Amino acid sequence: MTNIEIARLLRNIAAAYIIKNEKKFRFQITAYQKAADMIDHSVSELQDLFKENKLDTLPGIGASIKSHLEELFTHGKVRHFEEVLQDIPEAIFPLLDVHGFGPKKAYKLVSEYKLSNPETVIADLEKIAQKGKIAGLEGFGEKSEQDIITSIQEYWLGKTKASRMVLPYANELAKRMVEYLMKSKFVLSACALGSLRRKVATIGDIDIAAVSNQPQAVLDHFVNFPGKERLIEHGSMTASILVSSGRQIDLMVASPEGFGSLLQHFTGSKAHNIHLREYALSKGLSLSEYGIKEKNEIGEVRMEKYDTEEKFYQALGLSWIPPEIRENTGEIELAVKHDLPKLIELSEIKGDLHLHSSYPIQPSHDLGKSSMQEIIEKAISLKYEYMGFSEHNPSQSKHKLQQNIDILGKRSKFIDLLKSQYKNCIQIFSLLEIDILPNGNLAIDNQCLELLDCAIVSVHSAFDLDKKTMTKRVLKGLSHPKAKILGHPTGRLFNQRPGYELDWDQIFDFCKTNKKALEINSWFLRLDLPDILVREAVKKGVTLVINTDSHAVSQMDFMEYGISVARRGWAKNNDILNTKTYNEIKEWFRGGE
DNA sequence: GCCGTTTTCGGCCCGACTGTTTTCAGTCG
């Protein structure tokens with residue numbers, strides 16, 4: 001069973017408890033939901049942790065859930081779960097994926113209409129609603145019947161489109177909304193919060209906060225956004241709309257004196273906020289998007305407002321926490337001790353080592369679109385100390401060995417020429433991105449490799465090998481003395497493929513021992529190494545390198561996305577290879593310290 | 001059912017919004 005399936009199962013248990021008796025089981029419910037959330041964010045497959053008897057190393061999994069999971073892995077089913085689910089019709093669970101459906105509404109409708117087929121329950125309910133049969137039910141009316149139809153139709157649409165936005169797309173949408181909001185004279189300022197501010201790799205909804213003394217006027221303006229497709233809700237503090245392609249935008253308004261609290265609340269993550277609020281409670285304080293409530297000796301409640309986030313965290317005795325690491329993975333405990341790491345920053349990057357030029361190398365994969373000179377000029381404008389050309393290796397199937405040696409020899413001479421031309425402005429490395437073939441060999445000959453400063457090695461084919469074979473393949477590719485960097489280590493591409501599996505403990509150990517770097521690829525469809533694996537790599541002391549993998553000069557600006565990934569993985573300056581100086585890197589490529 | 005800077009027992013985030021309701025239940029973030 002995969003983590004996704006297990007998380008779903010635990011959420012179903014929580015839903016069953018809600019239906020049975022929400023009050024009585026409220027703590028079990030949150031426990032199961034929390035465990036499911038943790039599993040969704042876990043770097044390791046639970047099945048593997050089970051084999052190593054390390055299930056309870058995951059926060060949120062205690063003795064009880066651990067034993068249930070052990071039973072699940074051993075026998076394929078869990079007695080306790082079967083008891084909990086006994087009286088709950090299976091058909092309610094698919095409905096929980098439809099917006100507006102919680103366990104109780106789903107249960108009521110499924111029971112009322114005796115819907116028993118989980119495969120068809122959503123379509124069945126849609127038909128029932130369309131016949132106008134729901135409006136008469138107790139607790140339902142015309143409006144809720146119509147809402148059910150709308151939600152189900154949007155659910156069908158969601159099935160056919162990619163459900164999460166990549167960062168540049170989300171940034172652009174947020175920017176458009178902020179610009180639109182600023183047209184209102186009542187808006188003092190506006191910014192994007194939520195997962196966009198935390199720089200999560202893919203974004204679900206856009207969250208915007210606005211500062212104003214006239215919230216109602218701002219919300220009225222917001223819901224008239226020209227790109228609006230449908231109004232979802234429109235209250236006195238918040239509103240939500242759906243824009244084209246089914247993206248949701250939420251707005252929340254606060255007065256200037258309370259804006260810090262709102263920033264904090266709306267940035268999240270949910271898990272961070274819950275933990276922070278629990279921590280505050282232990283100090284006798286209650287947190288919300290409006291500020292901090294405190295009871296005095298005679299029981300009077302006083303609310304303190306905060307105009308900046310720094311003051312909000314300070315009032316709790318915490319250091320300000322960078323948004324990228326607000327995921328409740330230990331940041332609050334360190335902020336209490338004022339011991340947060342100093343995360344890597346864009347300004348610390350001294351060079352980009354993965355750049356594809358248009359040099360006619362007759363590669364196995366796509367050639368870059370910009371000339372070497374254009375790329376150098378761009379790198380200089382970015383104030384880099386050095387850069388590396390890393391085109392794909394010349395195709396092996398199309399060339400004989402001598403042809404490849406000739407192509408690469410010519411390229412080396414050309415790069416040498418550029419080096420001398422630009423020696424006072426920037427230092428240049430001659431690299432290459434080389435395929436790791438399915439058998440683990442590199443795609444070009446040793447004589448060719450000798451012409452390079454070092455090689456970035458990557459998997460570009462046969463993605464479906466099993467974990468063990470793929471690990472062996474990658475380790476063999478990395479073993480070559482010239483191979484110093486593993487490019488886009490998981491091979492994932494958002495909305496296209498999930499990436500292959502590797503035994504990360506083995507990969508990390510190998511890289512650490514043999515001085516190889518793992519790439520954080522900044523291309524927004526990759527963002528690979530993923531942040532949670534960056535965190536593990538950093539913990540193990542593995543060297544990382546942040547590259548753009550640019551195929552055109554404009555893409556060299558995407559370094560910021562790689563930085564976001566590194567920061568989300570708690571990486572510091574000295575974890576990142578390309579914060580080092582030219583001489584240090586040169587030495588590192590040669591295998592020195 | 002989980003967890004520990006007050007705790008191995010006794011706590012557990014907080015509020016907005018909608019629809020169907022005359023005061024609240026359900027859902028969402």
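Note that the structure is a prediction, hence the values are computed from the model and not measured. Below, chains carry the letters A, B, ... as their sequence lines are ordered, and counting in each starts from 1.
- Separating the CG atom of A/L137 from the C1' atom of B/dG19 is a distance of 14 Å, rounded to the nearest angstrom.
- Under the side chain to side chain donor-acceptor pair (under 3.5 Å) criterion, A/Q130 pairs with no residue at all, not counting sequence neighbours.
- Residues passing the side chain to side chain contact (heavy atoms under 4.5 Å, CB included) test with A/A239 are A/L219, A/F222, A/V223, A/H234, sequence neighbours excluded.
- In this structure, the CD1 atom of A/I29 is 17 Å from the C1' atom of B/dG11, given to the nearest Å.
- The NZ-P distance, from A/K143 to B/dC17, rounds to 16 Å in whole Å.
- Using a 4.0 Å cut-off between charged side-chain N and carboxylate O, A/K540 and A/E536 make no salt bridge.
- The CD atom of A/E229 sits 8.0 Å away from the CD atom of A/E154 when rounded to the nearest 0.5 Å.
- Not a single side chain to side chain donor-acceptor pair (under 3.5 Å) links A/N224 to another residue, sequence neighbours left out.
- Of the P atoms belonging to B/dC14 and B/dT23, the separation is 27 Å, rounded to the nearest Å.
- Out of B/dG1, B/dG15, B/dC13, the shortest distance to the side chain of A/Y32 is found at B/dG1.
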Could you pull out the protein-nucleic contacts involving nucleotides 5-8 of chain B (nitrogen or oxygen on both sides, under 3.5 Å)?
none

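- Nucleotides B/dT5 and B/dG1, compared at atom P, are 24 Å apart to the nearest Å.
- Cation-pi geometry between A/K183 and A/Y180 is not met: the NZ or CZ atom fails to fall both under 6.0 Å from the ring centre and inside 45° of the normal.
- An aromatic stack links A/F27 and the base of B/dC12, using centre distance under 5.5 Å and interplanar angle under 30°.
- Taking the P atom of each, B/dT7 and B/dG11 are spaced 14 Å apart, rounded to whole Å.
- Note on A/E289: only backbone sugar-phosphate atoms sit closer than 4.0 angstrom, heavy atoms only; bases stay farther off.
- Among the atoms of the strands shown, none is found under 4.0 Å from any heavy atom of A/H272.
- The main-chain N or O of A/A135 is found under 3.5 Å from a side-chain atom of A/E145 such that the two form a donor-acceptor pair.
- Within 4.0 Å (heavy atoms only), A/F101 reaches sugar-phosphate atoms of the nucleic acid but no base atom.
- For the C1' atom pair drawn from B/dC9 and B/dT20, the interatomic distance equals 42 Å after rounding to whole Å.
- Within the 4.0 angstrom heavy-atom criterion, no nucleotide atom of any strand lies near A/F25.
- For the OP1/OP2 pair of B/dC12 and a distance below 4.0 Å, the side-chain nitrogens and oxygens of A/H275 include no atom meeting the criterion.
- A/Q146 comes within contact range of no nucleotide atom at all, as no heavy-atom separation falls under 4.0 Å.
- Applying the side chain to side chain contact (heavy atoms under 4.5 Å, CB included) rule to A/A209 yields the partners A/L193, A/F259, A/L262, A/F266; only residues at least two apart in sequence or on another chain are considered.
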inquiry  = Please evaluate residues A/K24 and A/I29 with respect to the criterion side chain to side chain contact (heavy atoms under 4.5 Å, CB included), reporting the C-alpha separation (whole Å), side-chain torsions for both, the decisive distance (0.1 Å), and the verdict.
reply    = CA-CA 10 Å; A/K24 181 177 167 193; A/I29 291 162; over 6 Å; no

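- Whole-Å rounding puts the A/R26 CZ to B/dC13 C1' distance at 13 Å.
- For A/H68 and A/F81, the ring centers are positioned less than 6.0 Å apart.
- Judged by distance alone, the side chain of A/E309 and the main-chain N or O of A/S261 form no donor-acceptor pair under 3.5 Å.
- An OP1 or OP2 oxygen of B/dC13 is reached within less than 4.0 angstrom by no side-chain nitrogen or oxygen of A/S286.
- Among residues at least two apart or in separate chains, salt bridge (Lys or Arg N to Asp or Glu O under 4.0 Å) pairs with a member in residues 252-280 of chain A are A/K34-A/E278.
- Ion pairing between A/D531 and A/K199 fails under the 4.0 Å rule for side-chain N and carboxylate O.
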Identify the pairs formed between an N or O of the protein and an N or O of nucleotides 22-26 of chain B at a distance under 3.5 Å, and give each distance.
unit_1: B/dG26; atom_1: OP2; unit_2: A/K104; atom_2: NZ; d: 2.9

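- Distances from the side chain of A/E278 to the nucleotides B/dT20, B/dC12, B/dG1 place B/dC12 closest.
- Note: CZ (A/F140) to C1' (B/dT27) measures 12 Å, nearest angstrom.
- Comparing B/dC17 with B/dC13, their P atoms sit 22 Å apart, to the nearest whole Å.
- Residues satisfying the side chain to side chain donor-acceptor pair (under 3.5 Å) criterion with A/E22, sequence neighbours excluded, are A/K104.
- One atom, CE of A/M252, and another, P of B/dC14, lie 16 Å apart when rounded to the nearest Å.
- Atoms CD1 (A/I249) and C1' (B/dC28) sit 18 Å apart, rounded to a whole Å.
- Rounded to whole Å, the separation between the C1' atoms of B/dG10 and B/dG15 comes to 25 Å.
- In this model, the phosphate group of B/dC14 is not approached by any side-chain N or O of A/Y290 to a distance below 4.0 Å at OP1 or OP2.
- Under the salt bridge (charged side-chain N to carboxylate O under 4.0 Å, His left out) criterion, A/R198 pairs with A/E327, sequence neighbours left out.
- Going from the C1' atom of B/dC2 to that of B/dT8 covers 12 Å, rounded to whole Å.
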Do any N or O atoms of the protein come closer than 3.5 Å to N or O atoms of nucleotides 2-4 of chain B, and which pairs are they?
unit_1: B/dC2; atom_1: OP1; unit_2: A/G62; atom_2: N; d: 2.6
unit_1: B/dC2; atom_1: OP1; unit_2: A/G62; atom_2: O; d: 3.4
unit_1: B/dC2; atom_1: OP1; unit_2: A/I65; atom_2: N; d: 3.2
unit_1: B/dC2; atom_1: OP2; unit_2: A/S64; atom_2: N; d: 3.2
unit_1: B/dC3; atom_1: OP1; unit_2: A/G60; atom_2: N; d: 2.5

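- In this structure, B/dC24 forms a base pair with B/dG19, meeting either the Watson-Crick or the G-U wobble geometry with both donor-acceptor distances under 3.5 Å.
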Listed pairs under 3.5 Å, donor-acceptor, residues 279-288 of chain A side chains, sequence neighbours left out:
unit_1: A/S282; atom_1: OG; unit_2: A/Y279; atom_2: O; d: 2.5
unit_1: A/S288; atom_1: OG; unit_2: A/Y290; atom_2: N; d: 3.1

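- Between the P atoms of B/dT21 and B/dA25, the separation comes to 13 Å (whole Å).
- The stretch residues 217-244 of chain A comes close to DNA chain B through A/E233, A/H234, A/G235, A/S236, A/M237, A/T238, each having a heavy atom under 4.0 Å from the strand.
- Nearest-nucleotide positions on DNA chain B for A/F266 and A/H80 put A/H80 closer to the 5' end.
- Whole-Å rounding puts the A/N273 CG to B/dC12 P distance at 18 Å.
- Contact of the A/I563 side chain with the A/E345 side chain is not registered, since no non-hydrogen atoms from C-beta on lie closer than 4.5 Å.
- Both A/D250 and A/K34 lie close to DNA chain B; mapped to their nearest nucleotides by heavy-atom distance, the more 5′-ward contact belongs to A/K34.
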